[in-house]
Amino acid sequence: MTEQAGRTIEVRGFLHLYKFFKEKNWPIPLIMELEEPTTGTQLAEKLGIPLDEIEIVFINGFAESLDYAIQPGDRVAFVPPGCPGPYRMALGFYAKNQKNKFNFVRK
């Protein structure tokens, strides 16, 4: 791995957040340089993704809360509220999402 690759993260959006990325003309995945750890909340704010559009964030394939520290080299995916599927509990949405004030918000 090059030194440059060791300071980057891959960022994706699921469901309608994928459309958000496409509307911004961002590549999928969006490769971003990350000099130091950041949280999912900070990253979303930097990208202009409204926090009420995010239920959970996947980091390297695992569901994490928005305050989880993202490290250089991580793969990140934002998941919007209401993502369907019976596996929500198994994937950890509920357990990792208790502090998110947008948890299970219906629009």
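If you're wondering where the values come from, they're calculated on a predicted model, not measured in any experiment.
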- Note on the structure: Separation between CG (N25) and CG (L30), nearest 0.5 Å, reads 12.0 Å
- Note on the structure: Rounded to the nearest 0.5 Å, the CG atom of L66 sits from the CZ atom of F78 at a distance of 7.0 Å
Mind listing the closest non-hydrogen atom pair of [X] and [Y] along with its distance?
| X | Y | value |
| --- | --- | --- |
| L34 | P72 | O-CG, 3.3 Å |
| F14 | A77 | CZ-CB, 3.7 Å |
| I9 | G73 | CG2-N, 4.0 Å |
| V57 | S65 | CG1-O, 3.5 Å |
| P81 | I54 | CD-N, 3.8 Å |

- Message: Please check this pair: side chain of Q42 against backbone of T39, looking for a donor-acceptor N/O pair closer than 3.5 Å.
- Response: yes
- Does any non-hydrogen side-chain atom of L43 lie less than 4.5 Å from one of M32?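 Of all side-chain heavy-atom pairs linking L43 with M32, at least one is under 4.5 Å.
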- With Y18 via side-chain contact (heavy atoms from CB on, under 4.5 Å) - residues at least two apart: K22, I28
- Sequence neighbours excluded - ring-ring contact (aromatic ring centres under 6.0 Å, His included) pairs with any residue from residues 27-49: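 Pairs touching residues 27-49 that pass the test: none.
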- Task: Any pair with a residue in residues 21-51 that passes ring-ring contact (aromatic ring centres under 6.0 Å, His included), sequence neighbours left out, goes on the list, sorted by first then second residue, please.
- Result: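 Found F20-W26, F21-W26.
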- Query: With sequence neighbours excluded, what pairs up with T41 under the side-chain hydrogen bond (donor to acceptor under 3.5 Å, both in side chains) test?
  - Reply: none
- Task: Could you pull out all residues at least two apart from E10 that satisfy side-chain hydrogen bond (donor to acceptor under 3.5 Å, both in side chains)?
- Result: R12
- Message: Checking E35 now: which residues fulfil salt bridge (Lys or Arg N to Asp or Glu O under 4.0 Å) with it, not counting sequence neighbours?
- Response: R7
